[in-house]
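Remarks on the structure that follows.
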Amino acid sequence: MDEIRIIDTTLRDGNTSLWAHNMTTGMMHPVLRHMDQAGFDGMEFFVSGRFKKVVREQRDNPWDWVRYGQKEIKNTRLRYHGGLSSGFTLTPACIPRLIIERVVHYGITLTRLSDPWNDYDELEKEVSELKTLGMESVVNIIYSISPRHTDEYYARKARGASAMKPYRVCFKDVGGMLTPDRTRILARIVLDNAGDVPVEFHAHCNNGLAPFNLLEVVKQGIRIVHTSVPPLPTGSAQPSIFHVARNLGTLGYRPMVNEKVLEPVEQHFRRVAEEEGLPIGAPREYDETWYQHQVPGGMISNLRHQLKLLGKEDKMQSVLEEIVQVRAELGYPIMVTPFAQFVGSQAAINIIIGERYEEVTDQVIQYALGLWGKEGAEYTAPEVKAKILDRPRARELEKFEVRNPSLEEVRKQYGGPNLSDEDLLLRFYAGPEFVDALKTAPPRKEYLDARKPLVKLVEELVNRRDAGHVYIRRDAFTLSAGRRT
């Protein structure tokens with residue numbers, strides 16, 4: 001019986017895609033020991049995108065999340081998510097490098113990363129540098145649909161990714177756009193061209209097809225797949241571990257996971273979701289229009305919100321149609337961060353202004369100049385590229401040299417030589433005033449243990465100094481406890 005290994009994404013992608021990073025450290029840490037007993041091949045655990053939100057909104061220190069992982073996880077390899085490149089802004093190189101150093105310090109020595117162009121000549125430098133820092137890499141091969149993204153394209157990209165000899169490669173469907181037929185073809189192509197490098201499969205359920213596609217890649221020979229624990233699968237996240245395990249078992253495969261120990265994890269997160277008003281992942285219906293605009297689900301809701309603020313919500317359909325045209329004119333970039341945002345923002349501007357490319361964002365100018373990858377300059381339609389660059393701002397940006405200060409310079413800017421690495425990173429991403437405000441933040445809200453909530457409740461109550469007597473009653477059960485005087 002073929003064994004299928006599982007990478008868990010609950011605490012990383014589930015939290016990102018469904019809960020918008022609203023899972024707190026207090027919500028997370030009670031489940032760690034249970035998840036560590038499940039037999040996962042790995043757990044995606046941390047991403048630097050949490051820094052700003054956790055400090056500013058949760059008023060907490062995100063490094064505590066990492067410290068709990070180091071303390072509680074003993075049997076499962078934890079993963080970081082991301083590399084040394086930035087998302088929307090051109091960040092000093094010393095900052096993501098410092099993040100990697102700190103994460104490795106806490107024992108997280110594996111990351112999954114992408115180049116938004118699937119440009120492995122560029123990514124090879126990053127993978128090599130990560131290795132010198134003690135971080136191994138799982139390299140994504142991102143799926144997309146366009147005249148450029150052919151079978152031959154993916155065969156070539158699989159060879160390029162595996163030539164770097166990473167820990168693994170990962171066939172990634174971030175938009176949830178694979179169909180079972182396309183999955184069968186491309187899974188075989190990726191496997192045939194990856195050589196002896198193991199292949200993982202990571203897919204989002206945006207269009208309802210990821211659970212089917214996961215089974216298809218397994219039938220083709222992929223033996224490592226990504227899932228999440230309810231209530232944090234499906235929707236715009238990964239398939240449910242319970243459904244996947246049942247379906248794999250029915251097909252004669254052996255999923256390498258102990259589902260029983262994950263039941264209290266599901267119970268815990270459902271209780272948290274109900275208490276805090278957080279979403280419960282639910283399957284989505286198939287939507288054919290997705291294949292036209294290819295906009296990620298979270299970005300669609302944000303676009304609609306921004307148009308509503310401008311009193312232009314009625315323009316949503318026009319913006320989606322314009323996105324199709326803008327993406328084609330920009331050379332069919334893959335609709336992932338940051339390119340999806342570049343395309344979507346420019347399409348909205350075109351519709352709102354009423355004249356296409358009359359106004360353009362700095363990021364689109366930088367894109368056409370090749371600052372976000374040489375393919376942007378190479379594949380943008382010549383007449384559109386000329387229109388984008390025929391303006392004073394483009395000439396300014398063409399001469400602009402990205403300043404790349406040293407770590408010492410950045411440290412001096414944010415607090416001086418005595419500032420710790422971790423505090424420096426928090427101040428860089430969240431802002432010094434918000435980090436300083438953590439000193440007066442209220443205690444972190446803690447949540448009951450996933451397996452023994454009653455025992456944990458009694459422990460918590462006993463440790464409270466403001467209660468002299470505790471009385472608990474549920475149905476026929478009663479418990480009374482008082483403090484001795």
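Values below: every heavy atom of this structure, side chains too, minus hydrogens, waters and symmetry copies. Bear in mind the structure is a predicted one, so any value in this text is a computation, not a measurement.
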Once rounded to the nearest 0.5 Å, what's the spacing between atom CZ of R5 and atom CE of M256? 9.0 Å

Please walk me through it: do R391 and E358 pass salt bridge (Lys or Arg N to Asp or Glu O under 4.0 Å)? CA-CA 10 Å; R391 63 192 72 224; E358 176 67 19; over 6 Å; no

How many angstroms lie between OG1 in T380 and OH in Y332, if you round to the nearest 0.5 Å? 12.5 Å

Presence of salt bridge, E276 and R271, under 4.0 angstrom: no

Which residue pairs pass the salt bridge (charged side-chain N to carboxylate O under 4.0 Å, His left out) test with at least one member in residues 224-234, sequence neighbours excluded? none

Are Q238 and S228 close enough that a side-chain donor and a side-chain acceptor fall under 3.5 Å? no

Does CD in E101 sit with more than 12 non-hydrogen atoms of other residues, nucleotides or ligands closer than 6.0 Å? yes

Going by an N to O cut-off under 4.0 Å, is there a salt bridge joining R168 and D41? yes

Between K387 and E383, is the closest basic N to carboxylate O distance under 4.0 Å? no

Dump the intermediate steps for side chain to side chain contact (heavy atoms under 4.5 Å, CB included) on R148 and E375, then the final yes or no. CA-CA 12 Å; R148 291 181 51 223; E375 294 188 45; 2.7 Å; yes

Are M316 and L303 side-chain neighbours, meaning at least one heavy-atom pair lies under 4.5 Å? yes

Could you please spell out the steps behind the salt bridge (Lys or Arg N to Asp or Glu O under 4.0 Å) verdict for K399 and E396? CA-CA 5 Å; K399 299 174 183 177; E396 290 176 12; over 6 Å; no

With a 4.5 Å cut-off on side-chain heavy atoms, are R12 and F46 touching? no

Can we say K125 and E122 salt-bridge, meaning some charged N sits less than 4.0 Å from an Asp/Glu carboxylate O? yes

Is L426 close to F428 at the side-chain level, that is, under 4.5 Å between some pair of heavy atoms? no

State whether the number of non-hydrogen atoms from other residues, nucleotides or ligands found under 6.0 Å of Y153 atom OH is greater than 12. yes

Test salt bridge (Lys or Arg N to Asp or Glu O under 4.0 Å) applied to K165 and D196, step by step: CA-CA 9 Å; K165 297 299 179 184; D196 59 356; 3.2 Å; yes

Does a salt bridge link R356 with E329, judged by any charged N lying under 4.0 Å from a carboxylate O? yes

Any non-hydrogen side-chain atom of L178 less than 4.5 Å from a side-chain atom of F201? yes

Test log, rule side chain to side chain contact (heavy atoms under 4.5 Å, CB included), inputs V364 and V343: CA-CA 8 Å; V364 167; V343 171; over 6 Å; no

Student check: side-chain heavy atoms of V138 and R79 closer than 4.5 Å: yes

Here the pair of heavy atoms bringing I280 nearest to R270 is CG2-NH1, 3.6 Å

Reported CZ-to-CE distance for the pair R50 and M23, which is rounded to 0.5 angstrom: 8.0 Å

So, for W63 and F51, is the gap between ring centers shorter than 6.0 Å? yes

Closest non-hydrogen contact found for P231 with P233 is C-CD, 3.1 Å

Quick one: does T109's side chain have a donor or acceptor within less than 3.5 Å of a partner on M135's backbone? no

E129 bridged to R97 by N-O distance under 4.0 Å: yes

Flag, side chain of S162 to backbone of R159, donor-acceptor distance under 3.5 Å: yes

Give a yes or no answer on whether the side chain of T234 reaches the backbone of A282 with a donor-acceptor pair at less than 3.5 Å. yes

Give a yes or no answer on whether the side chain of N140 reaches the backbone of I142 with a donor-acceptor pair at less than 3.5 Å. no

Shortest non-hydrogen contact from N404 toward P92: OD1-CA, 3.5 Å

Over 12 foreign heavy atoms within 6.0 Å of NE2, H243: no

Residue pair R223 / V218, side-chain heavy-atom distance below 4.5 Å: yes

Verify whether one side chain among S236 and N206 offers a donor that lies under 3.5 Å from an acceptor in the other. no

Partners meeting salt bridge (Lys or Arg N to Asp or Glu O under 4.0 Å) with K53 (sequence neighbours left out): E57

Only one of H226, R112, H202 passes side-chain hydrogen bond (donor to acceptor under 3.5 Å, both in side chains) with D13; say which it is. H202

Run the salt bridge (Lys or Arg N to Asp or Glu O under 4.0 Å) test on D362 and R393 for me, step by step, so that the C-alpha distance in whole Å, both residues' side-chain angles and the decisive distance to 0.1 Å come before the verdict. CA-CA 8 Å; D362 279 1; R393 182 58 176 163; 2.7 Å; yes

Verify side chain to side chain contact (heavy atoms under 4.5 Å, CB included) between D173 and F171, making sure each step is shown before the conclusion. CA-CA 7 Å; D173 182 18; F171 183 31; over 6 Å; no

Greater than 12 external heavy atoms within 6.0 Å of K315's NZ: no

Nearest 0.5 Å please: distance from the CD atom of Q267 over to the NE2 atom of H34. 10.0 Å

T289-D287 side chain donor-acceptor pair, cut-off 3.5 Å: yes

As an exercise, state the distance from CG of N213 to CD of Q220, rounded to the nearest 0.5 Å. 11.5 Å

So, E136 and R77, do they make that salt bridge, N to O below 4.0 Å? yes

Could you tell me whether the side chain of V244 reaches within less than 4.5 Å of the side chain of P255, counting heavy atoms only? no

Do S144 and R327 get their side chains close enough for a donor-acceptor pair, meaning under 3.5 Å? yes

Report yes or no: does T9 contribute a side-chain atom to a donor-acceptor pair with the main-chain N or O of E44 at less than 3.5 Å? no

Checking S137 side chain against V139 main chain: does a donor-acceptor pair fall under 3.5 Å? no

Could you go through Y379 and W117, starting from their C-alpha distance and side-chain angles, then the distance that decides it, and tell me whether this counts as ring-ring contact (aromatic ring centres under 6.0 Å, His included)? CA-CA 12 Å; Y379 288 109; W117 287 108; 7.1 Å; no

Check the pair D8, V229 against side chain to side chain contact (heavy atoms under 4.5 Å, CB included), reporting the backbone distance first and the verdict last. CA-CA 8 Å; D8 179 77; V229 178; 3.7 Å; yes

Quick one: list whatever passes side chain to side chain donor-acceptor pair (under 3.5 Å) with Q346, sequence neighbours left out. N350

Just checking, is any N or O donor in the side chain of Y154 or N193 under 3.5 Å from an acceptor N or O on the other one? no

To the nearest 0.5 Å, atom CD of Q363 lies from atom CZ of F342 at 5.0 Å

Any salt bridge between E216 and K219, counting N to O under 4.0 Å? yes

Using side-chain heavy atoms (C-beta onward) and a distance below 4.5 Å, is L32 in contact with M28? yes

